[in-house]
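A note on names: the letters A, B, ... follow the listed sequences, proteins ahead of strands, and every chain is numbered from 1. Here the structure is a predicted model, which means the values were calculated and not measured.
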Number of protein chains: 2
Amino acid sequence: MDEQGAVAAIRAIHEVFMLTEAGATGPLAELGLTPATAQALWALEPDEEPPSMKTVANRLHCNAPNLSFVADQLATRGLVQRVPDPRDRRSRALILTEKGLQVRAQVMRTTVESSPLSALDPDDMATLLSILDKIVPTLDRLRDS
Amino acid sequence: MDEQGAVAAIRAIHEVFMLTEAGATGPLAELGLTPATAQALWALEPDEEPPSMKTVANRLHCNAPNLSFVADQLATRGLVQRVPDPRDRRSRALILTEKGLQVRAQVMRTTVESSPLSALDPDDMATLLSILDKIVPTLDRLRDS
DNA sequence: CTTAACAAGTTCGAGACTCGAAGCAAGTTG
DNA sequence: CAACTTGCTTCGAGTCTCGAACTTGTTAAG
């Protein structure tokens, strides 16, 4: 066990995350977004089949009541819509509205600008991604349940 | 600008952080710790000179009222003590108690066990750290503003 | 078919987290 | 000394998260 290395890596990852979030919080607030709502927008890929509430909750590692709360905020701001799934009328898919699409793009631009990760050169960026890919489940594996 | 890569890297970092936190939250709760209090313990290095409230707030990227709140919780649980700085009697240093020292060690063990980062082999771990070190200010640079 | 068990979302209430504003005591400057 | 600044605290409000209970819809057993 390389416990030393793991501790250092956890600390570094944590710091990068906090720097990114701390830097982006201000600009995102001007878009009317809180950290939680911005994070939820990240989880909604425009090109994929609209995910159910449950799928999104899994992606965000939060529970159903929490996602209901966040989805309400996004819906109130006109960024998402809940559409019933015809194959299972209990389920509702979250889809981005036209405005939601634009705001999401802005969120990602703003976050990239705020993140120290943007300072990495392409080689380091590629290496970093290849390493993290080994331990991070892909989006596909974060589907329902 | 490799915006694509930056987006992917931010997403991956975010996911690793959330997996680590989600995995550790349960065990930490059994130690009587919330995410915020556990995070604060990480920022208190036993081997360094006890940092002031302000220094710790900077490290956690939070403001003074927030740190007062978290420090209260740690103090109530007997994990830290506030000791006045004789050179500036406005300032208070946070020091770990004996119990705080032990709990902190347990927090780090638990977090390491919960983190997917522990699955990396030593080479990848070293590479990851060398890349992140390029963009993360070291602890020393996070002293009093 | 009917009943029981289960699953997706929601609502509600409580606790945790974060921050701006205001205040206090101590240090600094002129 | 007076004015200003700084470290910290308190207070109040808003955000975030979750367990419990409920509604609606689906599935399984008999």
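Scanning residues 27-40 of chain B for heavy-atom distances under 4.0 Å to DNA chain D yields an empty list.
Atom pair F69(A):CZ and dG13(C):P shows a separation of 15 Å (rounding to whole Å applied). If you measure from atom CE of M53(A) to atom C1' of dG25(D), you get 16 Å, rounded to the nearest angstrom. In this entry the distance linking CG of L74(B) with C1' of dA16(C) reads 14 Å, nearest Å. Rounded to an integer number of Å, the gap from K54(B) NZ to dT9(D) P is 14 Å. In this structure, M18(A) places its CE atom 14 Å from C1' of dT18(C), rounding to the nearest Å. Between R82(A) atom CZ and dT10(C) atom C1' there is a gap of 8 Å when expressed in whole angstrom units. Rounded to whole angstrom, the span from the CG atom of D72(B) across to the P atom of dT18(C) amounts to 14 Å. Distance, L67(A) CG to dG9(C) C1': 10 Å, rounded to whole Å.
When side chains are defined from C-beta on, M18(A) counts as touching H14(A), because their heavy atoms get closer than 4.5 Å. Q39(B) places none of its side-chain heavy atoms less than 4.5 Å from the side chain of E21(B). Side-chain contact between E45(B) and R104(B) is present, with heavy atoms from C-beta onward closer than 4.5 Å. Contact annotation: the side chain of P35(B) never approaches that of L28(B) to less than 4.5 Å [non-hydrogen atoms, C-beta and beyond]. Side-chain atoms of E113(B) and P27(B), non-hydrogen and from C-beta on, never get closer than 4.5 Å to each other. No side-chain heavy atom of R90(A) sits under 4.5 Å from any side-chain heavy atom of K54(A).
A donor and an acceptor atom, one from each side chain of S118(B) and S115(B), are nowhere located under 3.5 Å apart.
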task: Would you give a per-nucleotide map of nucleotides 20-30 of chain C, 5' to 3', where B means the base has a protein non-hydrogen atom under 4.0 Å away, S means only the sugar-phosphate does, and - means neither?
output: BB----BS---
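Looking at the side chain of S91(A), the nearest of the listed nucleotides dC8(D), dT10(D), dG9(C) is dG9(C). Closest to the R92(B) side chain, of the nucleotides dT17(D), dG9(C), dC8(D), is dC8(D).
Between Q73(A) and dT15(D) there is no side-chain N or O to OP1 or OP2 distance below 4.0 Å.
For the pair K99(B) (side chain) and R77(B) (backbone), a donor-acceptor distance under 3.5 Å is present.
Here the options are L41(B), V103(B), L74(B), the test is side-chain contact (heavy atoms from CB on, under 4.5 Å), and the partner is L96(B); only L41(B) passes.
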